[in-house]
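Step one of this worksheet: look at the structure below.
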Amino acid sequence: DVKVTQSSRYLVKRTGEKVFLECVQDMDHENMFWYRQDPGLGLRLIYFSYDVKMKEKGDIPEGYSVSREKKERFSLILESASTNQTSMYLCASSFPSPDEKLFFGSGTQLSVL
Amino acid sequence: GEDVEQSLFLSVREGDSSVINCTYTDSSSTYLYWYKQEPGAGLQLLTYIFSNMDMKQDQRLTVLLNKKDKHLSLRIADTQTGDSAIYFCIISGGSNYKLTFGKGTLLTVNP
């Protein structure tokens with residue numbers, strides 16, 4: 001079974017902390033994505049990567065950075081967490097082909113207090 | 001840019017058909033997807049249609065595409081309580097990098 005695994009299901013952090021969200025896929029996908037999901041706003045793309053060490057900004061990159069040192073792993077970093085970053089974070093991966101589907105992880109619910 | 005609109009809520013009785021609608025703006029869309037998100041989970045691909053098709057059927061699911069009106073629908077026949085979830089319409093401009101998401105329709109199935 002194909003799998004996208006996010007390291008934490010729930011995370012509680014304090015304002016100002018540095019936060020790492022990890023995502024690992026076992027499908028040898030080139031593309032990896034980080035989204036955040038908020039009620040009434042749907043999913044919004046934060047960053048994506050189409051190869052190792054490559055990254056591209058999505059629609060809402062402010063306050064976030066990413067790291068892709070290995071093909072299977074894509075990390076989302078909140079340098080200094082703020083309360084408005086409380087959200088559900090979803091990682092996804094895919095092959096770089098127009099008809100290839102996104103495979104999603106189960107999500108990390110992050111609360112910043 | 002591309003915009004994808006869905007109604008936010010739909011409520012049906014068990015055994016009835018559900019129809020979830022989606023409208024989009026970009027006429028160059030190539031792939032159109034329906035994803036399902038169950039409570040506390042990530043999104044799973046349900047079905048998709050290529051833009052040169054009008055209809056696709058997969059067991060209880062029927063996807064209809066009206067390119068002229070830029071309208072996509074998902075019909076679920078004999079809706080069950082296990083179908084209760086959020087359904088996302090996602091439009092591809094021909095690249096994974098250009099996916100546009102609807103905000104999702106929460107389907108509630110009442111016994």
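All heavy atoms count here, side chains included; hydrogens, waters and symmetry mates do not. Proteins get letters first, then strands, A, B, ... in listed order; numbering begins at 1 in each.
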Below 4.5 Å from any heavy atom of chain B, which atoms of A/L90 appear? Answer side chain, backbone, both or neither.
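Contact with chain B is through the side chain of A/L90 alone.
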Is it the side chain or the backbone of A/R9 that comes within 4.5 Å of chain B heavy atoms, both, or neither?
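For A/R9, side-chain heavy atoms alone lie under 4.5 Å from chain B.
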Between B/F50 and chain A, with a heavy-atom cut-off of 4.5 Å, which part of the residue counts as in contact: side chain, backbone, both or neither?
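For B/F50, no heavy atom lies under 4.5 Å from chain A.
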Heavy-atom proximity to chain A below 4.5 Å, by part of B/E38
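Neither the backbone nor the side chain of B/E38 comes within 4.5 Å of chain A.
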Nearest heavy-atom pair of [X] and [Y]: which atoms, and what distance?
X      : Y     : value
A/K101 : B/L45 : CG-CD2, 2.9 Å
A/L102 : B/Y35 : N-OH, 2.9 Å
B/F101 : A/L43 : CE2-CD2, 3.7 Å

If Ile, Leu, Val, Met, Phe, Trp and Tyr residues are connected whenever their side-chain heavy atoms lie under 4.5 Å apart, and connections chain through other members, are A/Y47 and A/M32 in the same group?
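Yes; tracing contacts between hydrophobic side chains, which count when under 4.5 Å, links both residues.
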Are B/L107 and B/W34 linked, directly or through other ILVMFWY residues, by side chains that come within less than 4.5 angstrom of each other?
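Looking at the clustering, B/W34 is in the same group as B/L107.
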CZ on A/F48 to CG on B/L99, rounded to 0.5 Å:
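Separation between the atoms: 10.0 Å.
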How long is the gap from CZ on B/F88 to CD on A/Q37, to the nearest 0.5 Å?
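The CZ atom of B/F88 sits 4.5 Å away from the CD atom of A/Q37.
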For A/K57, look at atom NZ and say whether over 12 heavy atoms of other residues, nucleotides or ligands are found less than 6.0 Å away.
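Counting other residues, nucleotides and ligands, NZ of A/K57 stays at 12 neighbours or fewer.
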